[in-house]
Number of protein chains: 2
Amino acid sequence: MPLKTPLTEVLDITHPIISAPMATVAGGALAAAVTAAGGLGLIGGGYGDRDWIERELRAAGNTRVGIGFITWRLADRPELLDLALEHAPAAVFLSFGDPAPFAARAKEAGVPVICQVQTLEHARSAARAGADIIVAQGTEAGGHGGARTAMTLVPAVVDAVAPMPVVAAGGISDGRGLAAALTLGAAGVLIGTRFFATSEALGHENTKARLVSAGGDDTVRTSVFDIVRELPWPAPYRIRAVRNRFFDRWSGAEDALRQEMAESADSPVDAFHAALRSGDTEESVVVGGQGLDLVGAVEPAGELVTRIVADAERTLAVAHALSG
Amino acid sequence: MPLKTPLTEVLDITHPIISAPMATVAGGALAAAVTAAGGLGLIGGGYGDRDWIERELRAAGNTRVGIGFITWRLADRPELLDLALEHAPAAVFLSFGDPAPFAARAKEAGVPVICQVQTLEHARSAARAGADIIVAQGTEAGGHGGARTAMTLVPAVVDAVAPMPVVAAGGISDGRGLAAALTLGAAGVLIGTRFFATSEALGHENTKARLVSAGGDDTVRTSVFDIVRELPWPAPYRIRAVRNRFFDRWSGAEDALRQEMAESADSPVDAFHAALRSGDTEESVVVGGQGLDLVGAVEPAGELVTRIVADAERTLAVAHALSG
């Protein structure tokens, strides 16, 4: 049965599930698979250039998908938003920075704007900036994020921006998570890590295997992976990833890492990128969230959408039956 | 209507709500009010000595209540567990340390053991130690805690220790939070911060007023309040409290705080305790969690229990009706 919410109405989708626009990971194949299963897939344009974005939009074929950007980075190359809007995406997703200028342009083009926020204050700003949908992202999420948790941020944002649809993000990996999000007042969920461990996601098979073997206790929030990738992420955003040898070597030694990058002929940057290419998960990065305990296998994304919805419906029926 | 779960069965209570044994805050009056409303109240024996614990057990009168301890501290004064067991408490609650020796003694006395955990690994240890109930505490909680969030820790612990009843803690402040906990697979909730802002809680009225005015974006996890209170909390536990002038002065300057405490005639320790007594919330500590956005008034604890249950039932009915 479809789960009807204000989110499914606004986006004209069957199920209230959006796949997160994970930069370098969420390409056209993943986004299309999520949309085909009744949710909405987002392409992760955050670190992409014109070629990457055009290629992944092509990979989605005729399937309706949206596209996500890292807002502070889009500010340096605003033409990528124009490129995206030319393809009439199902939605534009903005996170990590002031969405106001970009939200206005997307709205002029008639494209729904999804703003992801990490604090209640961000949510109020995003509502003023013209968001159509707000994603309240908890710190349990993989990738970049803040300090608030989904359990507390979601209901607070729902109260603050009502009646705007709010989507819960962070650690949601199964039907229980979707059911919990709906009871917190969210109109749906945005799922990242769980969709990274799918056959359609871009990324090395070793990375996906590590997502399956790791648990939520194994993740950390850190800057070391941004330093070595030479990505100037602004405070307070840091990345959640699986703890590995690279983290253990450089966490707490961030200045030494910067110095080694500046001075050593044998730069850690080259070694990191070589490890990423070869699938060495200990010397590169495995981006993932605290929901990893619930990730048990690499599966097709569409099957996940179907199962999460069915499990959420069963979960809500069981919980409802507790009273009375 | 009562919400029946394995927790209400095991503890023989009407509603699946436990009040957290907040040290110095959860006295007999609060615990008794929560029990009288159908939940289970716990007295916060963590920093208490024999006199404090006996006084607060007396304050609970003939109402059935439990008692909570800080495990690493109980290890230094194990006779306090004997004192508690002499009063045949409804449950003994243990958190922050190895529960094994104390759990065994409580079980010998026929008293149910509730173990609070902050990681999945802790949960497995607590189950082996003989816990009857496990509380999965998320980092959003006020007071001491870890890094995992309720949204991810609760379902992971439920899967790991099934069929043992698991209780969700961290940021739960209203009926939506209780409903979300139940859908995540929990058999109930443990609520702290929301019960601090009650007429029955011990604490200065200015502190309670600050809990009402502060929001979830205002809280931090830090060591500075433990350093100044000379409480040797082991890593990795730190306290979540409302950010204030004391925090701003000493956060990142923890070594300077220790030095000032050791060397200054005008010790920050005395000033801190004076501020605590006088209700100066900027120069003492206001312990609270990220759920503060949902704390709108100081209210009687029993009314809260009734409202949270009624709201959870309505929330579950609404969410269940989405499918169909």
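A, B, ... follow the sequence lines: proteins, then strands. Residue 1 opens every chain.
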Next on the checklist: Would you say CZ of B:R243 has more than 12 non-hydrogen atoms from neighbouring residues, nucleotides or ligands within 6.0 angstrom?
Outcome noted: no
Checklist entry - Tell me the salt bridge (Lys or Arg N to Asp or Glu O under 4.0 Å) pairs involving residues 189-198 of chain B, sequence neighbours left out? => result B:R194-B:E299
With a 3.5 Å cut-off and no angle check, do the side chains of [X] and [Y] form a donor-acceptor pair?
{"X": "A:R240", "Y": "A:T219", "answer": "yes"}
{"X": "B:R210", "Y": "B:S213", "answer": "yes"}
{"X": "B:R148", "Y": "B:T139", "answer": "no"}
{"X": "A:D217", "Y": "B:H122", "answer": "no"}

Checklist outcome for this item: Contact list (residues 158-170 of chain A to chain B, heavy-atom gap under 4.5 Å, by number) returns A:V158, A:D159, A:G170
Next on the checklist: Quick check on side chain to side chain contact (heavy atoms under 4.5 Å, CB included): which of B:L292, B:D218, B:T207 does B:V286 satisfy it with?
Outcome noted: B:T207
Checklist outcome for this item: Residue from A:G146, A:A319, A:G216 scoring the most non-hydrogen pairs under 4.5 Å with chain B is A:G216
Checklist entry - Quick one: of A:P155, A:G291, A:A179, A:S173, who has the most non-hydrogen atom pairs under 4.5 Å with chain B? => result A:P155
Item to check | Ring centre gap for B:W233 and B:F96 strictly below 6.0 Å | outcome: yes
Checklist entry - What part of A:L294 is in contact with chain B, defined as an atom under 4.5 angstrom from a non-hydrogen atom: side chain, backbone, both or neither? => result side chain
Checklist entry - Which residue out of B:T183, B:L184, B:V318, B:L316 racks up the most heavy-atom pairs below 4.5 Å with chain A? => result B:T183
